[in-house]
Structure formats: C-alpha cells, structure tokens
There are 2 protein chains.
Amino acid sequence: MQHLYYPYEDFLTDAKRLTKKIDRKFDAIIAIARGGLSLAQFLGEYYGLRAVYSINTIGYNDTKKLETVEIFNIPELNDVKKVLIVDDIVDSGDTLIEVLKILKKAYPNVTFKTASLFYKKSAKIAPDWYAKEAKEWIDFFWTEDLK
Amino acid sequence: MQHLYYPYEDFLTDAKRLTKKIDRKFDAIIAIARGGLSLAQFLGEYYGLRAVYSINTIGYNDTKKLETVEIFNIPELNDVKKVLIVDDIVDSGDTLIEVLKILKKAYPNVTFKTASLFYKKSAKIAPDWYAKEAKEWIDFFWTEDLK
C-alpha cells in the first residue's frame with residue numbers, strides 16, 4: 001500500500017477543518033489512545049475543555065481470524081452529558097464500534113459523538129465528523145518525526 | 001510575566017533531547033492530561049509502547065494556584081513494573097507530587113519515573129528528566145496554533 005507522510009502542518013489544517021464541521025459543544029473529550037491523543041489535546045485547548053480523557057484498546061485476532069477489540073481504562077463520566085470521542089483514523093471501524101458499545105453500556109445517559117482526522121470509506125462505521133478520506137497508509141508525524 | 005511561544009519544531013527538538021536523556025526502558029507511559037498528551041503519544045511511538053495512558057488532575061488555574069490537587073482516572077497498571085509519567089511543564093510541582101503520591105499508593109510495586117519538556121527551578125519537585133528550564137510563561141503550540 002502507498003504511504004502518505006502526514007506532517008504537523010496538515011494536521012493543523014485538518015484539525016481546523018474539524019472544528020468548522022463540529023456543530024455542537026461537548027462536556028468532555030475522550031481520545032482513543034494512542035492515535036487520538038494529540039488531536040484530543042488540541043481540541044481540548046480549542047474548546048476550553050479541561051475534561052480531556054483517554055481510553056485504551058487492544059486489537060487482536062483470535063483463532064477464528066475474527067478481530068476482537070479489548071477496551072480498558074474507561075474514564076469516569078459521571079458529571080458529563082455530551083462526549084466527543086476522537087481518533088486519528090477510522091480504518092476498519094472495529095475499534096470505534098467497540099469503544100462506542102462499551103461506553104454507551106457504561107453510560108447510557110451520555111450522548112457520544114465521534115470525530116477523526118481520517119476515515120476510510122470501507123470502514124464499518126463512519127465518524128460523525130472527519131477531515132479527510134484516507135486512501136493510503138498514513139504515516140503520522142507523531143510516528144515519524146522523532147525517528 | 002513574559003510569554004514564550006513554543007512551536008512544534010522546538011517541541012520536536014526537546015522531545016528528541018528527552019529521549020537522549022531517558023536512560024532506561026519503560027513498560028508504560030502515563031500522560032498528565034491535558035499537558036502531557038502529545039508528548040506521551042510521541043514517546044509511545046518512539047519506544048514502541050502501546051501502553052500509553054492518561055491521568056487527570058484538577059487544581060491548577062491559569063492565573064492562580066489552588067491549594068488542593070484532585071487526581072482521577074487512574075489507569076490500570078496491573079501488568080507493568082516501570083512507568084514513565086510525562087507532562088509538558090513542572091511548574092509549582094504540586095500536580096506531579098500529588099500524581100506520584102496517588103500512583104505509588106495504588107501501585108506500591110511499580111517504579112515511577114518522571115519527564116517533562118519544561119521545569120521551573122522554583123518547583124517543589126524536579127522531574128527525573130527534563131528538556132529545558134522555563135523562565136517565562138510558555139504558550140504551547142497545542143494551545144496557540146488552532147486559534
């Protein structure tokens with residue numbers, strides 16, 4: 001698959017684009033770690049939200065070649081009503097589906113919306129907002145620039 | 001107080017400097033949110049660590065410091081032995097002291113080390129590793145660039 005290097009400047013453009021698309025306010029942001037961490041920090045600063053949390057996932061293939069996603073470090077959401085979940089890319093969609101399932105089950109009275117920088121049309125779920133469609137493998141600056 | 005704009009390029013230089021100083025391996029990284037989130041993502045990628053977590057604190061105000069620091073969203077550390085806690089700046093040191101206290105109490109068998117981009121000499125505690133001494137108020141790129 002072709003690789004696309006994604007520099008900080010493009011991230012900034014796309015994060016701005018996302019803030020133009022996101023048409024409501026939230027009480028908290030949850031980053032899907034690691035991919036969503038930087039975006040969550042930027043959006044937290046942009047919206048003046050100190051409630052920026054993270055959630056962890058492990059994806060692995062079991063013996064039947066089905067991908068399962070384990071979710072852990074679920075943040076406390078006792079005082080919030082509207083939460084924005086962010087990630088760098090919605091690829092297969094498996095992670096986002098499982099994160100939403102777990103969070104909705106744990107917090108049935110919280111409204112969850114989702115945003116990502118990239119989205120693949122072949123994913124099983126679309127984020128509510130995304131900046132760009134991904135057609136290549138993305139080499140993000142946070143992966144490449146420290147090498 | 002004088003303000004210093006801190007661009008992405010300087011962050012990258014300082015994160016590289018940190019990786020040169022950090023002289024051991026860790027099983028997990030904990031970002032003190034929000035400030036440490038981007039650095040944690042970069043270091044997680046650099047060290048090939050998927051175990052990048054976050055912890056939340058309340059008690060620091062932009063203009064004045066409150067007496068108490070509340071810590072929440074403590075990550076699960078059941079399978080790890082050595083953890084690197086990261087933040088953008090160790091300013092008064094109050095947050096880092098409280099985070100260390102809570103984490104050491106919850107996980108007495110885990111070794112915690114700390115790293116930050118900036119450190120103020122007047123802080124009550126020094127991180128194990130830091131990139132730069134802070135002499136001004138730092139306007140980080142994640143705060144400024146989306147404005």
Side-chain angles (χ1 to χ4, degrees), chain A residues 7-20 22 28-60 70-79 86-88 139-147, chain B residues 7-9 11-20 28-62 70-79 86-88 139-147:
Chain A
Y8 173 68
E9 292 68 29
D10 291 4
F11 164 81
L12 198 59
T13 303
D14 289 341
K16 279 180 186 162
R17 189 175 296 169
L18 268 182
T19 64
K20 300 273 188 295
I22 295 170
I29 294 172
I30 299 178
I32 299 180
R34 296 175 303 196
L37 288 171
S38 292
L39 179 60
Q41 182 170 17
F42 274 74
L43 293 181
E45 292 281 355
Y46 180 81
Y47 292 114
L49 280 177
R50 291 184 175 276
V52 178
Y53 308 141
S54 70
I55 195 165
N56 291 91
T57 72
I58 298 174
Y60 54 91
E70 189 195 334
I71 311 290
F72 60 107
N73 286 330
I74 299 168
E76 294 173 28
L77 298 175
N78 297 319
D79 296 326
V86 304
D87 207 348
D88 51 356
D139 288 329
F140 290 96
F141 62 101
W142 49 72
T143 306
E144 301 302 315
D145 288 3
L146 266 191
K147 279 181 184 170
Chain B
Y8 173 68
E9 292 69 28
F11 164 82
L12 198 59
T13 302
D14 289 342
K16 279 181 186 162
R17 188 175 296 169
L18 268 182
T19 63
K20 299 272 188 296
I29 294 172
I30 298 178
I32 299 179
R34 296 175 302 199
L37 289 171
S38 291
L39 180 60
Q41 183 171 18
F42 275 73
L43 293 181
E45 292 281 355
Y46 180 81
Y47 292 115
L49 281 176
R50 293 188 173 274
V52 178
Y53 308 141
S54 70
I55 194 165
N56 291 92
T57 72
I58 299 176
Y60 189 87
N61 218 306
D62 280 350
E70 189 198 334
I71 312 291
F72 60 107
N73 286 331
I74 298 168
E76 294 171 28
L77 299 175
N78 297 319
D79 296 326
V86 304
D87 207 349
D88 52 355
D139 288 329
F140 290 96
F141 63 101
W142 48 73
T143 306
E144 301 302 314
D145 288 3
L146 267 191
K147 278 181 183 170

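All values below come from the heavy atoms of this structure, side chains included, with hydrogens, waters and symmetry mates left out. Throughout, a chain's letter reflects where its sequence line sits, starting with A, and its residues are numbered from 1.
When each of A:Tyr46, A:Tyr53, A:Phe140 is checked for heavy-atom pairs under 4.5 Å with chain B, A:Tyr53 comes out on top. Chain A forms the most heavy-atom pairs under 4.5 Å with one residue out of B:Leu37, B:Leu39, B:Ile74, and that residue is B:Leu37. When B:Leu49, B:Leu43, B:Ile55, B:Thr19 are compared by the number of non-hydrogen pairs under 4.5 Å with chain A, B:Leu49 comes out ahead. When each of A:Ala31, A:Gly44, A:Ala40, A:Ala51 is scored by its heavy-atom pairs under 4.5 Å with chain B, the top score falls to A:Gly44. For chain A, the option among B:Glu45, B:Glu76, B:Arg50 with the highest count of heavy-atom pairs below 4.5 Å is B:Glu45.
In this structure, B:Gln41 contributes its side chain and A:Gly35 its backbone to a donor-acceptor pair below 3.5 Å. Side-chain atoms of B:Glu70 do not come within 3.5 Å of backbone N or O of B:Ile58 as any donor-acceptor pair. A distance-only check finds no donor-acceptor pair linking the side chain of B:Asn56 to the backbone of B:Ile32 [under 3.5 Å].
Both the backbone and the side chain of B:Asn73 come within contact range of chain A, with heavy atoms under 4.5 Å apart.
The ring-ring contact (aromatic ring centres under 6.0 Å, His included) test applied to B:Phe141 returns A:Tyr8, A:Phe42, B:Tyr8, B:Phe11, not counting sequence neighbours. For B:Glu144, the side-chain hydrogen bond (donor to acceptor under 3.5 Å, both in side chains) partners are B:Lys147, not counting sequence neighbours.
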